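For reference, the structure is listed below as structure tokens.
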Amino acid sequence: MQTHAFDVVIIGSGAGGGTVAHALASTGRRILVIERGGDVPSEPENWSPAAVWKDLRYRTMERWVDRDGQEFQPYTHYNVGGNTKYWGSVLYRLRREDFGEIAHRDGGSPAWPITYDDLAPWYDEAERLYQVHGDATADPTEPPRGPFPHPPVPHAEAMQAVVAGLERQGLHPSPLPLGLIEPGRPGGCQLCNTCNSFPCRIHRKSDADVCCVRPAREAGVTVWTHALARRLVTSRDGTRVEAVDVERDGREVRVEAPLVVVACGAVNSAILLLRSATPQHPRGLANSSGLVGRRYMAHLATMMQGFYPFRVNTAVFQKTVAINDFYLRGRHGSYPLGQIQSQGRTHGLMAKVVGDTWFGGHVTWIPEWAYDAWVARGVDWLAMSEDLPHVDNRVTLTEDGRIRLEYTPNNEAAHEELVREASRMLRRLGAWKVMAHSHRSKNTTHQCGTLVFGHEASSSVLDTYCRTHDVSNLFVVDASFFPSSAAVNPGLTIVAQALRVADHLRRTDLRLPEDAAAGTTPAAAQRP
Ligand SMILES: Cc1cc2nc3c(=O)[nH]c(=O)nc-3n(C[C@H](O)[C@H](O)[C@H](O)COP(=O)(O)OP(=O)(O)OC[C@H]3O[C@@H](n4cnc5c(N)ncnc54)[C@H](O)[C@@H]3O)c2cc1C
């Protein structure tokens, strides 16, 4: 087997891995990113609803199995930039309260081992890196902070009317924080209606590829595409990772490095550790706590649409509004419900793909033009609630090596109340009909929590800098570390923690002199 040597190996190039690669690019160390997918080509299909929603051109064809052994195609993507190529780029900070313990109707959301103040400088840095636009004064749940690096994306005219209507209801709509590159400016983001779930053909969406991997490559970081990390190879005593076995373009190669950062996403990072079991780590690498793969979370998410038969929605870019009035408590109770945010416009074909599965797949005859006419008169929303960690919600390997995702959603009563609030809100805005659709337990887009971080090796897999407690040179830097899922989009928190970990690596394992260690990150000046 051919062997290659690097100083740092990063496995995965999404929100976590891409960001770490960028943050370490200037260290002068030999850095390799191993990415199982390829570069997403710039092509007309990027913005084609048929290619993205019907042909599933960019989604993995892999099949996972659920608790009952039923196969399903996960909503996830393997390519440079990971899932960030398809994200809606809604880039939220967790609320300050999310870092503490929170009582929910269905149980508890545990405290994080770090506070909002620990992460705040890295959130600042993350917002600069991903060019986040927002307004720090409008959201009643906004944590303490300075201004956003860029002003909010203005609401389209039709959404201005929606915002005014929400304010008349006594709600506090606020601009969604969005990572976009020069929105509305010549040569910038065109504020089109093919953003969320589509790759940006002109690279004006702030994804991990555009903001991090491309500049890192230019700075000398090596990226292997179509390279699948199969297993981590440990030292004889099991205390260090010595190499990564990789299938690269169909050939087995070995990469040796003194520092290994796993960033495959919450499901695949846990799977890689489980696949790397040894006699010293019989239940999977770094799994002395027994928690590897456990506590899987995804948000409870319902797509909603208010339908106005006599009003064509003229908004093209509609995804600019959030309502956080129910984030910390519902109208009638003391429990949190979650967040409501406006969504990208649904295309007729997207609605048909979903509609064709209704009624047991027996109503596929409704033509696309009918869906086009329907969605032209709709305004789209997302209601999102916190999913609570449960040890039986977990990722494992089947006997034949496939990924099994055992997941039962919880906190459903709170989510149903949020959906009722959203329905009421839309009806008060004049909607004749409110449609609701949820992927329920098959929604893997906001996967997190499978390698929880914490202070104690007995109750967590990673320490507070995402180093595994059991294996000294192994880090996991992606959505796996979340102790709780909160109810805002996870991306910015993954990026902020990746920057915090990269800074830690510069000062510790990479032993850079203090000046060089502080080199790339202005936030390093105010290091927690
Ligand atoms: C349609 C969609 C919309 C979304 N919208 C938002 C949003 O608006 N805001 C937000 O905050 N979040 C959003 N998300 C979620 C967000 O994209 C994820 O939370 C984030 O990308 C997770 O980052 P990660 O680093 O954990 O994993 P990923 O970004 O998924 O990166 C993991 C990478 O690892 C690679 N990989 C996996 N296994 C291996 C292996 N064995 N060897 C080599 N490489 C491997 C994968 O190919 C991938 O590139 C959205 C997701 C989707 C799918």
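In what follows, every heavy atom counts, from backbone to side chain, and hydrogens, waters and symmetry copies are set aside. Values in this document were obtained by computation on a predicted structure and should not be read as measured data. Numbering of ligands and ligand atoms starts at 1, following listing order.
Using a cutoff of 4.0 Å between basic side-chain nitrogens and carboxylate oxygens, R402 and D400 are scored as salt-bridged. A salt bridge between R404 and D66 is absent, with no side-chain N of the basic residue lying under 4.0 Å from a carboxylate O of the acidic one. For the pair E406 and R294, the salt-bridge criterion is not met [side-chain N within less than 4.0 Å of a carboxylate O]. The existence of a salt bridge linking D39 and R214 is excluded, since no basic side-chain nitrogen approaches an acidic carboxylate oxygen closer than 4.0 Å. Checked for salt-bridge contact, D124 and R93 meet the test: a charged N lies under 4.0 Å from a carboxylate O. With respect to D245 and R231, no salt bridge is recorded, no charged nitrogen being found less than 4.0 Å from a carboxylate O. With respect to R254 and E242, no salt bridge is recorded, no charged nitrogen being found less than 4.0 Å from a carboxylate O.
The proximity of N268 to ligand 1, defined as any non-hydrogen pair under 4.0 Å, is limited to the side chain. At a 4.0 Å heavy-atom cut-off, ligand 1 does not touch I271 at all. Neither the backbone nor the side chain of R230 comes within contact range of ligand 1; no heavy atom lies under 4.0 Å. Under 4.0 Å from ligand 1, the heavy atoms of A227 that appear belong solely to its backbone.
With ligand atoms numbered from 1 in the order given, ligand 1 contributes 26 (O), 27 (O), 32 (C) to contacts under 4.0 Å with heavy atoms of G265. Heavy-atom proximity to A479, at under 4.0 Å, picks out these atoms of ligand 1: 26 (O). Ligand-side atoms of ligand 1 in range of A263: 32 (C), 33 (C), 34 (O), range being under 4.0 angstrom from any heavy atom. Listed by atom number, the atoms of ligand 1 under 4.0 Å from V90 heavy atoms are 7 (C), 8 (O), 9 (N), 10 (C), 11 (O). Within the listing of ligand 1, atoms 1 (C), 2 (C), 3 (C) sit less than 4.0 angstrom from a heavy atom of Y86. The ligand atoms of ligand 1 that sit less than 4.0 angstrom from a heavy atom of Y75 are 1 (C). Using a 4.0 Å cut-off to heavy atoms of Y78, the atoms of ligand 1 that qualify are 46 (C), 47 (O). The atoms of ligand 1 that sit less than 4.0 Å from any heavy atom of I11 are 42 (N), 43 (C).
Residue, atom and distance of the protein heavy atom nearest to atom 36 (N) of ligand 1 are R36 CD, 3.6 Å. The nearest protein atom to atom 16 (C) of ligand 1, hydrogens excluded, is given as W87 CE3, 3.9 Å; this is a heavy-atom distance. Looking at atom 23 (O) of ligand 1, its nearest protein heavy atom turns out to be A15 CB, 3.3 Å. Protein heavy atom nearest atom 5 (N) of ligand 1, with residue, atom name and distance: G88 N, 3.0 Å. Looking at atom 19 (O) of ligand 1, its nearest protein heavy atom turns out to be P490 CG, 3.4 Å. Looking only at protein heavy atoms, the nearest one to atom 11 (O) of ligand 1 is G491 N, 2.6 Å. Looking from atom 46 (C) of ligand 1 to the surrounding protein, the closest heavy atom is E35 OE2, 3.6 Å. Scanning all protein heavy atoms for the shortest distance to atom 25 (O) of ligand 1 gives G16 N, 2.9 Å.
In plain terms, the two heavy atoms of S269 and D478 that are nearest each other are OG-OD2, 2.6 Å.
The shortest N/O to N/O separation between G37 and ligand 1 does not fall below 3.5 Å. When only interatomic distances are considered, the shortest N/O to N/O separation between S89 and ligand 1 falls below 3.5 Å. Looking at G81 next to ligand 1, no N or O pair under 3.5 Å apart turns up. By the 3.5 Å distance cut-off applied to N or O atoms, N79 is counted among the residues near ligand 1.
Aromatic ring orientation, Y116 versus F99: perpendicular (interplanar angle above 60°, classes split at 30° and 60°).
By the 6.0 Å and 45° rule, R394 does not stack over the aromatic ring of Y296. In this structure, R59 satisfies the cation-pi test against W53, with its NZ or CZ atom closer than 6.0 Å to the six-membered ring centre and inside 45 degrees of the ring normal. A cation-pi arrangement is found for R248 relative to W224, the charged atom lying closer than 6.0 Å to the ring centre and inside a 45° cone about the ring normal.
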Let me see the working for Y75 and H446 under ring-ring contact (aromatic ring centres under 6.0 Å, His included), right down to the final yes or no. CA-CA 10 Å; Y75 189 174; H446 288 186; 9.9 Å; no
So Y58 and H77, ring-ring contact (aromatic ring centres under 6.0 Å, His included) or not? Walk me through it. CA-CA 6 Å; Y58 303 106; H77 308 80; 7.9 Å; no
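Between T84, D478, T445, it is T445 that holds the heavy atom closest to atom 18 (C) of ligand 1. When G82, C264, G12 are ranked by how near their heavy atoms come to atom 32 (C) of ligand 1, first place goes to C264.
Under the side-chain hydrogen bond (donor to acceptor under 3.5 Å, both in side chains) rule, Y327 has a single partner from D139, D98, T141, which is D98.
Residue A208 places every heavy atom at 4.0 Å or more from ligand 1. Heavy atoms of L272 come nearer than 4.0 angstrom to ligand 1 in no pair at all.
For F198 and H347, the distance between ring centers is under 6.0 angstrom.
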